[in-house]
Amino acid sequence: MEVCTTESISYKYFLCYLIIGTLYLGLIIIPGLWWPVFYTVLGSLVFGLILFFSLRSHIQAGFALRKESVKKLQEESLPTVSIVIPSFNEEAVLR
C-alpha cells in the first residue's frame, strides 16, 4: 500500500476545491445582493427543513416504540459472518 504525504499532493486539487467552494458560496451570497428578501426566504427554508426532519424522526421513533415486541431469534437461526478488517501496515498480522 502506498502512502501519500501532503508534500506529494499537487496544488491543482487544492485550487479545484477552493474554486468549487467559492462558487457554492457565491450561489448563496450573490442572489441576496439583488433581492434582499432572499436571505429571509433561505433562512425560513432551512429552518423548515430542519423542523420537518426533526419531527419526522420523532414520529418514526414513536411508531418504533409502539410496535409489538419482535420474536427473539434462537441462537442457531442466526447467520454466521466472517469479517476481515484490514489495518494500516498490518500485513504481517493478517497473514
Side-chain angles (χ1 to χ4, degrees):
M1 184 166 80
E2 213 172 300
V3 178
C4 293
T5 61
T6 55
E7 290 84 23
S8 64
I9 296 175
S10 171
Y11 285 101
K12 176 178 68 171
Y13 297 110
F14 172 74
L15 289 176
C16 182
Y17 284 116
L18 186 64
I19 290 170
I20 291 172
T22 305
L23 289 175
Y24 279 134
L25 191 60
L27 287 174
I28 294 172
I29 293 176
I30 291 175
L33 299 175
W34 287 297
W35 189 45
V37 182
F38 176 74
Y39 297 126
T40 305
V41 171
L42 186 64
S44 298
L45 180 66
V46 169
F47 177 73
L49 287 172
I50 291 171
L51 187 64
F52 169 74
F53 286 115
S54 174
L55 287 173
R56 187 186 75 162
S57 66
H58 281 82
I59 290 170
Q60 286 178 340
F63 281 127
L65 290 174
R66 289 184 53 198
K67 279 188 179 177
E68 295 180 19
S69 61
V70 179
K71 294 184 218 174
K72 296 190 178 191
L73 297 174
Q74 298 297 330
E75 195 66 34
E76 57 270 2
S77 66
L78 295 175
T80 58
V81 179
S82 298
I83 298 176
V84 176
I85 302 173
S87 299
F88 179 69
N89 282 343
E90 297 292 335
E91 182 182 358
V93 175
L94 293 174
R95 286 185 181 194

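Note that the structure is a prediction, hence the values are computed from the model and not measured.
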Side-chain donor or acceptor of Tyr39 paired with backbone N/O of Ile29 under 3.5 Å: yes
Euclidean distance, Leu55 CG relative to Ile50 CD1, rounded to 0.5 Å: 12.0 Å
Minimum heavy-atom distance between Gly26 and Pro31, given as atom pair plus value: O-CD, 3.7 Å
Expected output: side-chain Ser44 to main-chain Thr40 donor-acceptor under 3.5 Å: yes
Hphob cluster co-occupancy, Val46 + Leu51, side-chain heavy atoms under 4.5 angstrom: no
Same apolar cluster: Val41 and Leu49, side chain cutoff 4.5 Å: no
Note, Phe53 side chain near Arg56 side chain (heavy atom, < 4.5 Å): yes
Neighbour count above 12 (heavy atom, 6.0 Å) for Phe14 CZ: no
Atom pair CD1 (Ile30) and CZ (Phe38), whose distance is rounded to the nearest 0.5 Å: 10.5 Å
Co-membership, hydrophobic cluster, residues Leu45 and Leu27, 4.5 Å side-chain: no
Thr22 OG1 to Leu15 CG distance, which is reported to the nearest 0.5 Å: 10.0 Å
Flag side-chain contact, heavy atom, 4.5 Å: Cys16 against Ile20: yes
